[in-house]
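See structure below.
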Amino acid sequence: MADLANILAVGILLGGTYALVSVGLNLIFGVIRVVNFAQGEFVMLGMYGAYAAYAVLGLDPAVALLVVLPALFVLGAALQRLVLARLRTEPTMQIFATFGLLMLIENAVLAATRGTAYSVPSAVAQASLSVGGVQVGASRLLALAAATLAAAGLGLFLRRTMLGRAIRAVAQDSAAARLMGVDVERIYWLTFGIGTALAGLAGCLLAPIYSLSPQIGTSFILPAFAVVVLGGLGSVLGAYVGGFIVGLTEAFAGYYLDPALKHAVLFAVFIGVLIVRPSGLFGQVGAEEVGLREQS
Amino acid sequence: MSTILTVEGVTAGYGDATVLFDVSCTVAAGEIVAVVGANGAGKTTLLSAIAGLVPARAGRITFRGEDITGRPAHWRPGHGLALVAEGGRLFPFMTVEENLLLGAYAPRGRAILKERLEEVMAVFPILRERREQAAGKLSGGERQMVAIARALMCRPDLLMLDEPSVGLSPLMVGRVFEIVERLARRDGLTVILVEQNVTEALAVADRAYVLDHGHITRAGAAAVLRGEREIQEAYMGV
Amino acid sequence: MSNPEMAIPITRAPPVAAATAARAPLRTFWGELPRALLLLAGLAALVYAASGDNFSLNILASSFLFAGLASAWNIIGGFGGQFSLAHSVFFAVGAYTTANLYLKLGLSPWLGLVPAFLLAAAVAMLVSWPVFRLRGPFFAIATMAFTEVALAIGNYAEWLTGGTRGLSIPFRLGVGNMIFRDRMSYALLMLGFCALTLIVVVAVHRSRLGYYLQAVRDNEQAARASGVSVLRVKLTGMAISAGLTGIGGGLFFMQVRVADPAALLSLFDFGVKFALIALIGGLGSVYGPVLGALVIIPLESWLRAELGGLLPGANLIVLSLLLIGAALFMKHGIVGLGRGLAARVAAGRSTGDRA
């Protein structure tokens, strides 16, 4: 029983991590219909940004957010405006370009850090709490809280503000949105920037938990993708819940099977869901774009 | 009556195909102009060109004295030009109220949002009933009402309607045209009405243009065109 | 700024055919073969010209290998428009099949290439069947996920791959063992592989399969509506593509004789490189990948020599910039540039009054 509680705890905390990483990716998918292969790299940049803020300014990661988030928003928005906007009608070239960005960012950081491994201390990192008899790292708990806040905040923004509604409108029918007076191109780079800033948020908060390496980005992109497809495109709630589904799956797979195979299990589950329920678990806007509704 | 819209020699199309060939027409303030023609004649393309969704490859569009040919589509609602696309094109996963709020997205609409919402709900009582419903769940007629209401949120000077009667029951069609007439006659709204339902369109319009394979073939007062044999045979099933 | 894509009408104009290859004059396989053979003869001449220069021979060998691998990828990625990031897996499957059959059963690697082809093709079909329903980038990510899974399995299955320590083939000279002392033999071996893939590519391109693949790429819905069995077309294209990639893997392993799963399954070193070369050369064209390889591989070798020492990953930075730049400005690759140039020259000649 204690084992089960432990697994659940690991799963939920991991889920919080994935939810945090995926919310931004989901927004970008849902609105711009672009698969941002480089999303994991923005998480990595958030981590290194937290480190830089610590090394140069002595800031705790939670405070470094104030610098890292705007920086990654600007970077993401600029990339969309300058690179991706030109490829709106070229989905194959979008894959090449975003994958190129993945390679570029990863190797740029590799070159800049020359492969030195860094770690970021945090006021919270050493602490751990006891929840229902299970030891829980405070950093992970903080990540979970942040994921919930971010998802809630994003949800509120999308539902209650004019700009948020405009973003949802673009996701549902961009031509009609234009007719409402919405500058769709502006919404694209704004949304992309928000998505990358959210990735940066995840990176900042996860910096104390993971040891930094330029390659860490790619270990996030795949579970994030699974989260988004399982949870439903364009659905903030779906991304949030999907994160937990993936986290729990990984936790259980890691415990009952070999930890080395947990991604394999995840992939198998993911494929299984696709075969059994082609519209994903929440079946939202844009599922046709994914091809989920098609039968061969 | 002054001219509010001038379309001069506009050629437009999609990809390699040209749909409109050197089309010209004018609309005077306060009148209802119908554009009729068969399926594929280019009626929707014409409205899309005026709305800025499709670039004009040649020609000019002038609105209230200003050349708007190069302006992006999203400039229009803020400056008095609104389009109700075919089928309404509501945002399916948003509520009726949210759709209306989006209608007021442009600064022109936001300034008058609260009062406009009330005014529009007065014209279309159905909006109040279905306020919280997802737009995707409405019936065809209800959707058309919401779409027109949404387009009115910015208090446009010129309203364009693309086949508002499609898929609607005769009763609903009558209601829609009744509202259109009221908006024009009583409130001074200028209307361009694109229709396949030529009978109804000519009944409510002041003037009409006939579009055939991308060319304007006839133009004149609706009353006159109504009586013409060719029109009756070609379009009105007589 | 408005854009036809944003136009309202529900029925849009059909997408403008993107394949430059589809606009090429219709030639049969036998009609096209002489051109392919001429190219191969030219490449063979390069090999003989470099005789004695081991450095150049190595680069040529590597270029030919990647020319073949990129050509193979191009069958499903270029003609078929299915962006696969799983080809490093098929590469690895071929490599391990050949290696294990040689090490454990003493089967000559030459013969071992056949099971390599078959197994790689089988794995590819099995894995892509459930994910072919996914479109474009989502298919790409699913294949990327599969590569990661394969890495985990590869590290785990030590009996097959030697785990993280890797597998090694002892140095025992002999044509039968596909192990040579001189570099020229390897260059010729890889040229042979390039020739094999090029001929298969020409055959596919001029066949009904090639036609269907491009139809599916350009407009899957329309293709399905015309009665094309979309899934079968995709699977067939994938099988041929993966099988050839598997052969390449087998040859590669016999050349380097030492490899671990991480190396073989590396996206940057193999998976994405096949796609990059195809793009630079000309996505969906017949000769593009070969030309692309002849440009990229020597360039990469030079980059690694000049920059690799300076900064780790610097050569990959240049490659990624190339990738982004090509996607933005050169989407039809070298072949596209060549065609554009030829068209302009022809236009100038016909109007007669161009300076």
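To find a chain, count down the sequence lines: A is the first, B the second, and so on, and within it residues start at 1.
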Chain A contact via B:Arg108 - which portion, at a heavy-atom distance below 4.5 Å
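Neither part; nothing is under 4.5 Å.
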
Proximal to chain A - members of residues 96-106 of chain B, heavy-atom separation under 4.5 Å:
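From residues 96-106 of chain B, the residues near chain A are B:Glu98, B:Leu101, B:Leu102, B:Gly103, B:Ala104, B:Tyr105, B:Ala106.
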
Is there any residue in residues 126-159 of chain B with a non-hydrogen atom under 4.5 Å from a non-hydrogen atom of chain A, and which ones are they?
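Listed by number: B:Arg150.
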
Measuring from atom CE of B:Met94 to atom CZ of A:Arg159, what distance do you get when rounded to the nearest 0.5 angstrom?
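That separation rounds to 8.0 Å.
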
Nearest heavy atoms of [X] and [Y], plus distance in Å:
X: A:Arg178; Y: B:Pro77; result: O-CG, 4.3 Å
X: B:Ala85; Y: A:Leu179; result: CB-CD1, 4.3 Å
X: A:Asp173; Y: B:Arg89; result: OD2-NE, 2.7 Å
X: B:His74; Y: A:Val182; result: CB-O, 3.3 Å

So with a 6.0 Å cut-off around CZ of B:Arg110, is the heavy-atom count from everything else above 12?
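Count over threshold, so yes.
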
Decide if atom CZ of B:Arg175 counts as having more than 12 heavy atoms of other residues, nucleotides or ligands within a radius under 6.0 Å.
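Incorrect, the count does not exceed 12.
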
All ring pair (Phe, Tyr, Trp, His ring centres under 6.0 Å) counterparts of B:Phe21, not counting sequence neighbours:
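Here the qualifying residues are B:His215.
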
Donor-acceptor pairs under 3.5 Å, side chain of residues 190-202 of chain A to any protein atom, not counting sequence neighbours: which ones?
{"from": "A:Thr191", "atom 1": "OG1", "to": "A:Ile187", "atom 2": "O", "distance (Å)": "2.6"}
{"from": "A:Thr196", "atom 1": "OG1", "to": "A:Leu72", "atom 2": "O", "distance (Å)": "3.0"}
{"from": "A:Thr196", "atom 1": "OG1", "to": "A:Phe192", "atom 2": "O", "distance (Å)": "3.2"}
{"from": "A:Thr196", "atom 1": "OG1", "to": "A:Gly193", "atom 2": "O", "distance (Å)": "3.0"}

